[in-house]
Asker: 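Can you read through this structure? Questions will come right after.
A note on names: the letters A, B, ... follow the listed sequences, proteins ahead of strands, and every chain is numbered from 1.
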Amino acid sequence: MDIQNSIQIAVAQAVEQLYGEPTELKKVQINPTPKEFQGDYTVVVFPFVKIAKKAPDAAAAELGAFLLKNVPQISDFNVVKGFLNLSIYEKYWQNFLSEVSENENYGRQPRNGKKTMVEFSSPNTNKPLHLGHIRNILLGWSCAKILDAVGYDIVRAQIVNDRGIAICKSMYSWKTWGDGKTPDSEGIKSDHFVGDFYVLFEKKSKAEYEIWQKTEAAQHFLNEKKKADQTEKEFWAAYKNTWFNQFSELGVAIREMLLKWESHDSATLELWKKMNGWVYLGFEKTYHDLGVEFDKLYFESNTYLLGKDIVEEGLAKNVFFKKEDNSVWIDLTDAGHDQKLVLRGDGTSVYMTQDLGTARMRYEDFGCEKSVYVVADEQNYHFQVLFEILKRLGEPYAAGLHHLSYGLVELPTGRMKTREGTVVDADDLMAEVVRLADENIKERGEVAGFSEAERAEIARKIGMAALKFYMVKVHPKRKMIFNPEESVDLQGQTGPYIQYSFVRINGLMTRVKKENIDLAAAADYQKIEPQEKELLTALHAFPTVIQQAADDYDPSHIANFCYDLAKSYHKFWHDLSVFNADSEAARAFRLKLSAAVGQTLKMGMGLLGIEMPERM
RNA sequence: GGCUCCGUGGCUCAAUGGAUAGAGCAUCUGACUACGGAUCAGAAGGUUAGAGGUUCGAGUCCUCUCGGAGUCACCA
């Protein structure tokens, strides 16, 4: 059993035996002892001083004596200001290291037979993926990896928003102004090609709007509706949707196209398929470059009519109610929310209807008891309501639903805006970080033994590691400011810093293999140095960190762990010699320790979707 | 305005209610004739937005104030 658990249980027993009062296990707090004190683990004694009716130090001393007697792994203890510091026999750490060395799956838990769906990315098909998608995708991918590591079987799902106004704009634009051009004819990545037509549509629409604003009718609206504290520009910005829906000729054309699509007009469907096909082709490349894949794709064109049967059931169960105009609502005022529409008066769906239906379909398809939706925090309210409704409907999977909400990615100059052309494209960004990594490799002159292809592959791993680590080290909930320059940093708290520690280890291991060095002598190593102990305690915490990341749906725990471990290793490397160690035992022990660190770093970074190079 | 989230050195971020709030970047100073210097060591930089409260103990929990973001669609 894990030493921390042993201590925890022993402390609970001690409290009961010494002071005659049982205590909850979770009240027993065991922390790694801070560097400046003697010991490996620390028991916080304060929670028991009341029960003990003694001063903290006296109680700590009593508990320490008890533990020393009853926990065989404990070699010594000391008390500082109510903290009980325990030292663990070196033999324990020796055994622990061997355990890690022999288990290449160290950190992973056995399969638990339960399923979890993780939904992420969920793009619109009218334009290419951007920086915001990258954060979403990295979080989703990593979250799936982490849940897999703690034992769940994972279904990675994507809901493709392939229908609606947006794609119609791209379609209309291409049909009207495209002159029959294709991605091939123009030599443009196909999703970008479609996106360019979307942008063109917005441009034409803007031009139409500006002309309209000068008409008499428009000026009439301006005078009538503009609020006193609004500038003319602000008014037109706010009025844009209304204008598009009521007065725009392009708006008419788009709605007409949408209606044709909904009535299965064959020419429209053909155009739709052609353009979506282009987009998917482009997405495929982007996903491939990001190193992610999906197990299941849901298409909104297949799901947008779902959920009406659930609305019927909800009415029958009196969870929902009908208003005079036949529209269906749920009253969530007792849960701190408002009334929410779930079906329009004319019987057509809204976003919520569709999500209700999709939730049930997902469950019917896979029977996942947990389901994670990776969606930006703009939609917090939507998901609160969605989950609350499903709970009230008594859906069996309702308790396992989780919205992994993350903050938007902003640039140092503020929010990304399509209109202002400040959207950072995913493909461009990846190409740029890899290019910079490649330049860096060349500058360092380490390329001597590398072929062109090898160098490109290493540059890819380094560049992507820089980008991914930069994004995933931040707590998901936090809005993050994406600084393009910092994202390609290769030094300090970065992906490449961690990769470098791995490469150092890899260098050692190559030599071990080449010289066929036997590590059995490690068992004779007597005096574990502080730098070594630091690595051991870090490795020891790895499974707990993964569990924590899984419980919190938070990959940043793993990122921070990997950074701390790499940092400790770099220090170890600098302070202590491995091959030139004083004794054969020390050399073997350090090699064994290095291998364990390397293995753990590789797995940890793998959970973040980051690959490790052998050389760099 | 209601609800939700956020506020930690110049900047970007850490810190299951526990010991002197930690890192990185930037700035300054050092360390290879050494297993790879994408490294290491050191300096400087903080009233954790502010005020109360709970607690043996608060960056963390509660209340209020200030500042920022999101949301409050028969859009998705």
Side-chain angles (χ1 to χ4, degrees), chain A residues 26 29 31 33-34 36-37 42 44-47 49-50 55-56 80-83 85 122 124 161 163-166 241 245 300 304 325 327-329 336-338 340-346 348-355 376-382 384 405 407-408 410 412 415 437 440-441 444 446 462 466 470 473-475 477-483 485-487 489-501 503-508 511 544 548 551-552 556-557 559-560 563-564 566-567 569-581 587 590-591 594 615-616:
Chain A
K26 65 178 180 192
Q29 230 181 117
N31 302 323
T33 303
E36 56 269 36
F37 301 100
T42 295
V44 183
V45 178
F46 290 106
V49 295
K50 242 181 210 161
V80 182
K81 292 198 293 185
F83 293 92
N85 302 321
S122 306
N124 289 317
N161 300 306
R163 64 166 285 279
I165 290 285
N241 269 342
N245 289 329
E300 202 201 349
Y304 80 109
D325 65 351
S327 59
V328 182
W329 298 71
H337 303 125
D338 292 325
K340 189 81 187 173
L341 179 85
V342 294
L343 195 68
R344 292 193 187 104
D346 62 5
T348 56
S349 299
V350 290
Y351 182 35
M352 189 61 75
T353 327
Q354 186 182 328
D355 265 8
D377 63 9
E378 298 170 304
Q379 296 199 35
N380 283 353
Y381 184 71
H382 173 76
Q384 276 173 26
S405 159
L408 288 178
E410 293 186 5
R415 215 171 152 165
N440 217 277
I441 292 177
R444 281 169 202 278
E446 303 272 353
I462 295 174
Y470 177 79
K473 72 179 180 184
V474 180
H475 188 101
K477 210 166 68 175
R478 246 184 127 100
K479 174 182 86 182
M480 78 170 290
I481 297 178
F482 185 89
N483 185 325
E485 285 163 27
E486 286 175 12
S487 73
D489 272 351
L490 308 176
Q491 283 155 26
Q493 193 180 28
T494 66
Y497 173 95
I498 300 166
Q499 288 178 322
Y500 185 56
S501 64
V503 166
R504 281 178 147 175
I505 292 167
N506 198 254
L508 297 180
R511 196 168 148 189
T544 314
Q548 189 76 48
D551 292 346
D552 297 351
S556 71
H557 291 312
N560 290 324
Y563 172 69
D564 289 338
K567 188 173 160 64
Y569 190 80
H570 280 308
K571 180 160 175 58
F572 159 87
W573 176 282
H574 179 266
D575 291 355
L576 305 170
S577 287
V578 177
F579 274 107
N580 301 325
R587 186 181 72 160
R590 286 172 194 168
L591 285 168
S594 297
R615 295 183 297 172
M616 62 193 280

Asker: How many Å lie between CG on A/N380 and P on B/G70, as a whole number?
Answerer: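 Rounded to whole Å, this separation is 13 Å.
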Asker: Base, sugar-phosphate, or nothing: which does A/T348 touch, judged by heavy atoms less than 4.0 Å apart?
Answerer: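 The residue A/T348 makes no contact with any strand.
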Asker: It should be established whether A/R444 places a side-chain nitrogen or oxygen under 4.0 Å from OP1 or OP2 of nucleotide B/A38.
Answerer: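 Answer yes for this pair, as a side-chain N or O of A/R444 is under 4.0 Å from OP1 or OP2.
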Asker: Just call it for A/N85: base, sugar-phosphate, or nothing, with non-hydrogen atoms closer than 4.0 Å on any strand.
Answerer: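 Counting heavy atoms under 4.0 Å across all strands, the contact made by A/N85 includes a base.
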Asker: Establish, with yes or no, whether the OP1 or OP2 oxygen of B/G24 is under 4.0 angstrom from a side-chain nitrogen or oxygen of A/K567.
Answerer: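 True: A/K567 side-chain N/O within range (under 4.0 Å) of B/G24 OP1/OP2.
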Asker: Which value, in whole Å, describes the distance between the C1' atoms of nucleotides B/G68 and B/G24?
Answerer: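 Taking atom C1' in both B/G68 and B/G24, they lie 25 Å apart.
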Asker: Quick one: A/H570 NE2 to B/C32 C1', roughly how many Å, whole number?
Answerer: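 So the two atoms are 16 Å apart, to the nearest Å.
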Asker: Pick the C1' atom in B/U54 and in B/G46, then give their distance to the nearest Å.
Answerer: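 My reading of the C1' atoms in B/U54 and B/G46 gives 25 Å.
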Asker: Below 4.0 angstrom from OP1 or OP2 of B/A14, is there any side-chain N or O of A/K473?
Answerer: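 False: A/K473 side-chain N/O out of range (4.0 Å or more) of B/A14 OP1/OP2.
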Asker: Answer with yes or no after comparing the ring centroid distance for A/F482 and A/Y470 against a 6.0 Å cut-off, counting only values under it.
Answerer: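 Yes; A/Y470 has its ring centre under 6.0 Å from that of A/F482.
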Asker: Select one nucleotide: of B/A14, B/C35, B/G36, the one nearest the side-chain heavy atoms of A/R615.
Answerer: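 Side chain of A/R615 sits closest to B/G36.
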Asker: Using heavy atoms to find the nearest nucleotide of RNA chain B for A/N440 and A/T494 separately, return the residue whose nucleotide is more 5′.
Answerer: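 The residue whose closest nucleotide sits nearer the 5' end is A/T494.
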Asker: Provide, to the nearest angstrom, the distance between the CG atom belonging to A/D489 and the P atom belonging to B/G24.
Answerer: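 So the two atoms are 13 Å apart, to the nearest Å.
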Asker: For B/U16 versus B/G59, give the span between their C1' atoms, rounded off to a whole number of Å.
Answerer: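 Per the computed distance, 15 Å lies between those C1' atoms.
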Asker: Counting only Watson-Crick or G-U wobble pairs whose two distances fall under 3.5 Å, which nucleotide matches B/A49?
Answerer: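 Partner of B/A49: B/U65.
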Asker: Taking only side-chain nitrogens and oxygens of A/Y569, does any of them come within less than 4.0 Å of OP1 or OP2 of B/C35?
Answerer: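 No, no such contact exists.
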Asker: If you check the A/S577 side chain, which of B/G36, B/C35, B/A19 turns out closest?
Answerer: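 For A/S577, the side-chain atoms sit closest to B/C35.
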Asker: Rounded to the nearest 0.5 Å, what's the gap from CZ on A/R504 to CZ on A/F572? Could you check?
Answerer: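 It is 11.0 Å, given to the nearest 0.5 Å.
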Asker: Partner lookup for B/G10, please. Criteria are Watson-Crick or G-U wobble with both distances under 3.5 angstrom; report none if nothing qualifies.
Answerer: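 Check on B/G10: paired to B/C25, both distances under 3.5 Å.
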Asker: For atom P, what is the distance between B/U4 and B/C64, given to the nearest Å?
Answerer: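 Between the two P atoms, the distance is 11 Å.
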Asker: Using the C1' atoms only, state how far B/G50 lies from B/A58, rounded to an integer number of Å.
Answerer: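 The answer is 16 Å between these two C1' atoms.
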Asker: Start with the C-alpha distance between A/Y569 and A/S594, add both sets of side-chain angles, then the distance that settles side chain to side chain donor-acceptor pair (under 3.5 Å), and finish with yes or no.
Answerer: CA-CA 8 Å; A/Y569 190 80; A/S594 297; 2.8 Å; yes
Asker: For B/C62 and B/G18, measure between their P atoms and round to the nearest Å.
Answerer: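 Going atom to atom, P in each nucleotide, I get 15 Å.
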Asker: Assess the residue pair A/E486 and A/K473 against the criterion (salt bridge (charged side-chain N to carboxylate O under 4.0 Å, His left out)); give the C-alpha distance rounded to whole Å, side-chain angles, the decisive distance to 0.1 Å, and a yes or no.
Answerer: CA-CA 13 Å; A/E486 286 175 12; A/K473 72 179 180 184; over 6 Å; no
Asker: Looking across every strand, which nucleic acid part, if any, lies under 4.0 Å from A/F579 by heavy atom: base, sugar-phosphate, or nothing?
Answerer: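 Base contact.
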Asker: Roughly, in whole Å, what's the span from OH in A/Y500 to P in B/C35?
Answerer: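 A/Y500 atom OH is separated from B/C35 atom P by 12 Å.
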Asker: Give one of base, sugar-phosphate or nothing for A/D564, where a contact means two heavy atoms less than 4.0 Å apart.
Answerer: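 No contact.
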Asker: Going by centres under 5.5 angstrom and planes under 30 degrees, do the aromatic ring of A/F46 and the base ring of B/G57 stack?
Answerer: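 Base of B/G57: not stacked against A/F46.
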Asker: Consider the side chain of A/K477, meaning its heavy atoms from C-beta on, and name the nucleotide among B/A38, B/A19, B/C5 that approaches it most closely.
Answerer: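 For the A/K477 side chain, the nearest candidate turns out to be B/C5.
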Asker: Should A/K340 and A/V350 count as side-chain neighbours, where that means a heavy-atom distance under 4.5 Å?
Answerer: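 The answer is no; the side chains never approach within 4.5 Å.
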Asker: Reckon A/V44 touches a base, only the sugar-phosphate, or nothing at all at heavy-atom distances under 4.0 Å?
Answerer: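 Counting heavy atoms under 4.0 Å across all strands, the contact made by A/V44 includes a base.
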Asker: Specify the residue among A/V503 and A/V49 whose closest nucleotide of RNA chain B lies further upstream toward the 5′ end.
Answerer: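 The 5'-side residue here is A/V503.
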Asker: Remember a base hit wins even if backbone is also touched, and classify A/L576 as base, sugar-phosphate or nothing at under 4.0 Å, heavy atoms.
Answerer: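 Answer is base: heavy atoms of A/L576 come under 4.0 Å of a base.
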Asker: Would you say the side chain of A/S556 and the base of B/A14 hold a donor-acceptor pair, judged only by whether the two atoms sit under 3.5 Å apart?
Answerer: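 Looking at the base of B/A14, it does not pair with any donor or acceptor on the side chain of A/S556 (distance under 3.5 Å).
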Asker: Quick one: A/Y497 OH to B/G36 C1', roughly how many Å, whole number?
Answerer: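 For the pair A/Y497 OH and B/G36 C1', the rounded distance is 15 Å.
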Asker: Quantified in whole Å, what is the P atom distance between nucleotide B/A15 and nucleotide B/G9?
Answerer: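 Those two atoms are separated by 16 Å.
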Asker: For the residue pair A/Y563 and A/Y497, categorise the inter-ring angle as parallel (less than 30°), tilted (30 to 60°) or perpendicular (more than 60°).
Answerer: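 Taking A/Y497 first and then A/Y563, their aromatic rings sit tilted (interplane angle of 30° to 60°).
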Asker: At under 4.0 Å between heavy atoms, how does the protein contact nucleotides 71-76 of chain B? Give one character per nucleotide, 5' to 3', with B, S or -.
Answerer: SS-BSB
Asker: Rounded to whole angstrom units, what separation is found between the OH atom of A/Y470 and the P atom of B/C25?
Answerer: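 Going from OH in A/Y470 over to P in B/C25 covers 14 Å.
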Asker: Find the distance between CG (A/N161) and CG (A/N124) and round it off to the nearest 0.5 Å.
Answerer: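 One finds 5.0 Å between CG of A/N161 and CG of A/N124.
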Asker: For B/G70 and A/K479 - does any side-chain N or O of the residue sit under 4.0 Å from the phosphate oxygens OP1/OP2?
Answerer: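 For B/G70, neither OP1 nor OP2 has a side-chain N or O of A/K479 closer than 4.0 Å.
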Asker: Quick one: A/I481 CD1 to B/C6 C1', roughly how many Å, whole number?
Answerer: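 Value for this atom pair: 12 Å.
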Asker: Are the ring of A/Y563 and the six-membered base ring of B/A23 within the stacking cut-offs of under 5.5 Å and under 30°?
Answerer: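 Not stacked by the 5.5 Å and 30° rule.
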Asker: Roughly how far apart are A/S327 OG and A/L341 CG, rounded to 0.5 Å?
Answerer: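 Rounded to the nearest 0.5 Å, the OG-CG separation comes to 6.0 Å.
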Asker: Walk me through whether A/N380 and A/S405 qualify under side chain to side chain donor-acceptor pair (under 3.5 Å).
Answerer: CA-CA 7 Å; A/N380 283 353; A/S405 159; 2.8 Å; yes
Asker: Round to a whole Å and report the spacing from CH2 of A/W573 to C1' of B/C40.
Answerer: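 That distance rounds to 13 Å.
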Asker: Between B/A19, B/A38, B/C40, which nucleotide has the shortest distance from any of its atoms to the side chain of A/T33?
Answerer: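 Among B/A19, B/A38, B/C40, the one nearest the side chain of A/T33 is B/A19.
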Asker: Answer yes or no: does a side-chain N or O of A/Q29 lie under 4.0 Å from OP1 or OP2 of B/G18?
Answerer: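 For B/G18, OP1/OP2 do have a side-chain N/O of A/Q29 under 4.0 Å.
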Asker: Identify the nucleotide, in any strand shown, that forms a Watson-Crick or G-U wobble pair with B/G1, with both distances under 3.5 Å; if there is none, say none.
Answerer: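 Base-paired to B/C72.
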Asker: How many angstroms lie between CG in A/L490 and CZ in A/R444, if you round to the nearest 0.5 Å?
Answerer: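 So the CG of A/L490 and the CZ of A/R444 are separated by 6.5 Å.
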Asker: Given the rule in the salt bridge (charged side-chain N to carboxylate O under 4.0 Å, His left out) test, do A/E300 and A/R163 qualify, once you have shown the distances and angles that lead to the verdict?
Answerer: CA-CA 7 Å; A/E300 202 201 349; A/R163 64 166 285 279; 3.5 Å; yes
Asker: Compare the ring of A/F83 with the six-membered ring in the base of B/G18 and state whether they stack (centres under 5.5 Å, planes under 30°).
Answerer: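 So A/F83 does not count as stacking on the base.
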Asker: Taking only the P atom of each, what is the distance from B/C66 to B/U27 in whole angstrom?
Answerer: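 Roughly 40 Å separates the two P atoms.
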Asker: Could you please name the partner base of B/G36, counting Watson-Crick and G-U wobble pairs only when both distances are under 3.5 Å?
Answerer: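 Base partner found: none.
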